[in-house]
Each structure stands twice: as C-alpha cells, then as structure tokens.
Amino acid sequence: MTTKITSARPAAGPRKGSRRRPPASSATKVGRPGFTWALPAAVFFTLFAIVPLIMVAVLSFMTWDGLSSPEFVGMDNWSRLMDDPVMLKSIWLTLLLTVLGVVLQTPLSILLGVWAAGHQRNRAVLSVIYFIPLLLSATAVSVLWRALLDPNFGIPAEAGWLFGDGNLFGEQATAIGVLAFVSTWQFTPFHTLIYQGAARAIPQVLYQAAEIDGAGRYRQFFHITLPQLRNSMITSMILMIVGGLTTFETVLILTQGGPGTDTTISAYYMYDKAFKSFDYGTGSAIALALVVASTIISLIVVRVSGYDKMRSSMEGVS
C-alpha cells in the first residue's frame with residue numbers, strides 16, 4: 001500500500017518587494033476641486049467684466065451726456081456710426097495697425113524665442129536686457145518714445161540727414177510707422193517669452209534624429225521647430241490681434257489721433273466720443289463693437305487653425 005504525500009500549497013500573499021496599496025478612503029480621494037474654489041474669481045470677473053459689459057450694451061442704445069438722465073434712442077447711435085466717415089476710417093486704421101503688429105512681431109518673436117531657448121554664450125544677460133520693455137507700462141513706453149522722437153529736442157533734431165524735418169508725427173505714413181514700431185518694441189519681448197517656453201518643451205530626440213539623417217540647422221528649424229510651435233503661434237497671434245484692436249494708450253500719448261484724424265483708431269475714437277464730446281451712448285456703441293469684433297476674429301482664428309481640435313500636450317502634435 002502506498003501513501004501519496006502532497007505538500008500543502010502556501011496561501012497566496014503579497015509578493016516579496018511589492019507594496020500593497022492602502023484602501024482608498026474619502027480623505028485620500030483626490031478629484032476635481034469644487035466650484036467653491038473658483039467662486040472668488042467668478043465673483044470678481046462678474047463684477048468687473050460681465051456687469052460693466054452689460055451696462056455698456058444697454059447704454060449703447062441710449063443718449064447720455066454724463067449729467068442728465070439717459071434717454072432711450074434705439075438704434076440711432078449705431079446708425080450714426082455707420083454713416084460716420086471718421087468711424088469708417090478708424091476701422092481701417094485699426095485693422096492696418098493690427099496687421100502690421102502681427103507681421104512685424106511674429107517673425108521677430110519666433111527667432112528671438114528660439115534663440116533665447118538655446119545655450120549660447122551671454123544669452124541670459126542679453127535676454128534680461130532685451131526683456132526690459134516688458135517691465136514698463138504702455139504709458140511709460142509711450143512717454144519715453146514721445147520724448148526721444150520729439151522734433152525739437154529728440155533724436156530727429158540731431159539726425160536731420162535721416163529724419164528730414166524731424167516731425168515724424170506730421171504725416172500719416174510716418175505717424176503710423178512710429179505707432180507700429182513702438183508697439184513692436186514693447187510687446188515683442190512678451191511673445192518671445194511664449195516662444196522661448198515652447199521651444200524648450202520640444203523633445204531633443206527630434207533634433208538628434210534629424211542630425212543623424214544629415215539635416216542642418218535651417219532644415220531642423222523649418223521642419224521641426226516651426227511645426228512644434230504651432231499651438232504657441234496661434235495663441236500669440238490671438239493675443240496680438242486682440243491687443244491691436246484695443247490699443248489706446250500709445251495713440252493717446254504719441255499722436256492723439258493726429259495729424260487730424262489720420263491715426264484715430266477705433267479705441268481712441270471711443271475715448272474721443274465719450275470723454276471729450278460727452279456722447280457716452282455713441283462711445284458705448286463703439287466699445288461694444290470692439291468687444292464683438294475681437295471675439296469673432298479670435299474665434300475665426302481658432303476655428304480656421306484647428307487649434308480647438310488639439311488634444312496632445314505636446315506642441316504641434318494633434
């Protein structure tokens with residue numbers, strides 16, 4: 001008679017070196033923060049953005065001089081704007097300055113941002129010097145360049161061979177050129193920061209693979225860097241467009257809409273109507289039109305570029 005001996009199988013337990021996760025409890029569960037966290041920001045945005053916007057929309061259908069009681073006039077303010085030659089001219093000038101800003105700032109920002117993302121010698125010192133205009137307000141920058149370009153005491157007075165009579169604000173072409181230059185000088189550093197951060201986020205393995213395949217710096221820039229900066233480029237352009245449509249301080253201090261109305265953009269014309277002519281109804285209509293135009297153009301850029309369909313956290317990858 002034979003006896004069959006079987007060894008008992010050890011009870012299942014945790015493997016050596018493995019860690020058992022503690023049971024989840026309500027205290028350890030982490031989810032999305034509730035609406036309470038966003039409540040202060042929502043209240044602030046409602047009080048200082050939504051409510052004033054609603055008030056401006058209502059006031060655009062009224063006539064008010066700031067002292068007497070507002071009177072409802074329906075679409076009169078809007079119809080007068082449609083027939084106002086200064087308003088039509090201001091729209092064209094606003095679009096011109098916006099296009100100039102995008103055309104000038106975009107290539108400069110990309111090149112400087114990609115350069116600042118590298119490891120060149122003295123890069124940090126030069127970047128700090130270049131970013132100084134970003135620390136100044138639009139008012140300070142405008143006052144600075146107004147003094148530097150003064151035809152009597154500024155740079156044009158000392159360099160007549162280059163600036164002619166020195167009055168850069170006396171003609172429309174040169175005045176618009178000054179506005180475009182000052183805006184570019186001030187805001188290009190901001191967009192450079194956007195491209196600098198995006199360029200540093202590009203995986204280095206892409207450049208290493210390109211070098212193995214024999215691609216030079218120019219081919220790497222156009223076939224790797226630019227496609228990877230697509231999302232940042234769209235974001236930067238939207239900010240440029242919105243900023244161009246709402247530019248005000250630069251025109252107010254440098255040209256005051258002159259000579260004549262040759263640099264009267266829509267934002268400055270709104271100020272002129274509301275706070276100089278005390279026609280707050282027409283000024284509100286212009287302000288509301290600027291908000292609507294900025295929103296529509298931004299949505300068009302997002303939709304046409306396909307930015308709303310981006311799902312990857314990596315730049316330029318859809």
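Using a 4.0 Å cut-off between charged side-chain N and carboxylate O, Lys89 and Asp262 make a salt bridge. The pair Asp213-Arg219 fails the salt-bridge criterion, with no side-chain N (NZ, NE, NH1 or NH2) lying under 4.0 Å from an Asp/Glu carboxylate O.
Taking the ring centre of Tyr207 as origin, the terminal cationic atom of Arg217 falls outside the region bounded by 6.0 Å and 45° from the ring axis.
Using the six-membered ring where Trp is involved, Trp78 and Phe61 have ring planes that are tilted, between 30° and 60° apart.
In this structure a side-chain-to-backbone donor-acceptor pair under 3.5 Å is present from Gln220 to Ala215. Side chain of Thr174 to main chain of Leu168: a donor-acceptor pair is present (N/O by atom type, distance under 3.5 Å, no hydrogens or angles). Thr263 places a side-chain N or O within donor-acceptor distance of the main-chain N or O of Gly257, the cut-off being under 3.5 Å.
For the residue pair Pro151 and Ala157, the shortest heavy atom distance occurs at O-CB, 3.4 Å.
Exactly one residue among Asn77, Leu81, Thr282 makes a side-chain contact (heavy atoms from CB on, under 4.5 Å) with Lys273. That residue is Thr282. Checking each of Phe131, Tyr130, Phe190, Trp145 against Trp185 for a ring-ring contact (aromatic ring centres under 6.0 Å, His included) leaves exactly one that passes, namely Trp145. With His191 as the fixed residue, the side chain to side chain donor-acceptor pair (under 3.5 Å) test singles out one of Ser109, Ser232, Ser236: Ser236.
Inspection of the Asp76 and Ser79 side chains reveals no N or O donor paired with an N or O acceptor under 3.5 Å. Side chains of Ser266 and Thr94: a donor-acceptor N/O pair is present below 3.5 angstrom, by distance only.
Criterion: ILVMFWY side-chain heavy atoms under 4.5 Å apart, direct or through other members. Under it, Ile241 and Ile194 are not part of a common hydrophobic cluster. Side-chain heavy atoms closer than 4.5 Å link hydrophobic residues (I, L, V, M, F, W, Y) into clusters, and following such links, possibly through other members, connects Phe248 to Leu254. A single hydrophobic cluster is seen to contain both Val242 and Ile234, as judged by linkage of ILVMFWY side chains at heavy-atom distances under 4.5 Å, directly or through other members. In terms of hydrophobic clustering, with Ile, Leu, Val, Met, Phe, Trp and Tyr side chains grouped at heavy-atom distances under 4.5 Å, Leu226 and Val114 are assigned to a common cluster.
Separation of atoms OG1 (Thr225) and CZ (Phe221) is listed at 6.0 Å; rounding is to 0.5 Å. The structure places CE of Met62 at 10.5 Å from OG of Ser69, a figure rounded to the nearest 0.5 Å.
Side-chain rings of Phe48 and Phe44 approach one another, their centers coming within less than 6.0 Å. Proximity of the aromatic rings of Tyr268 and Tyr271 is defined here by a centroid distance below 6.0 angstrom, and this criterion is met.
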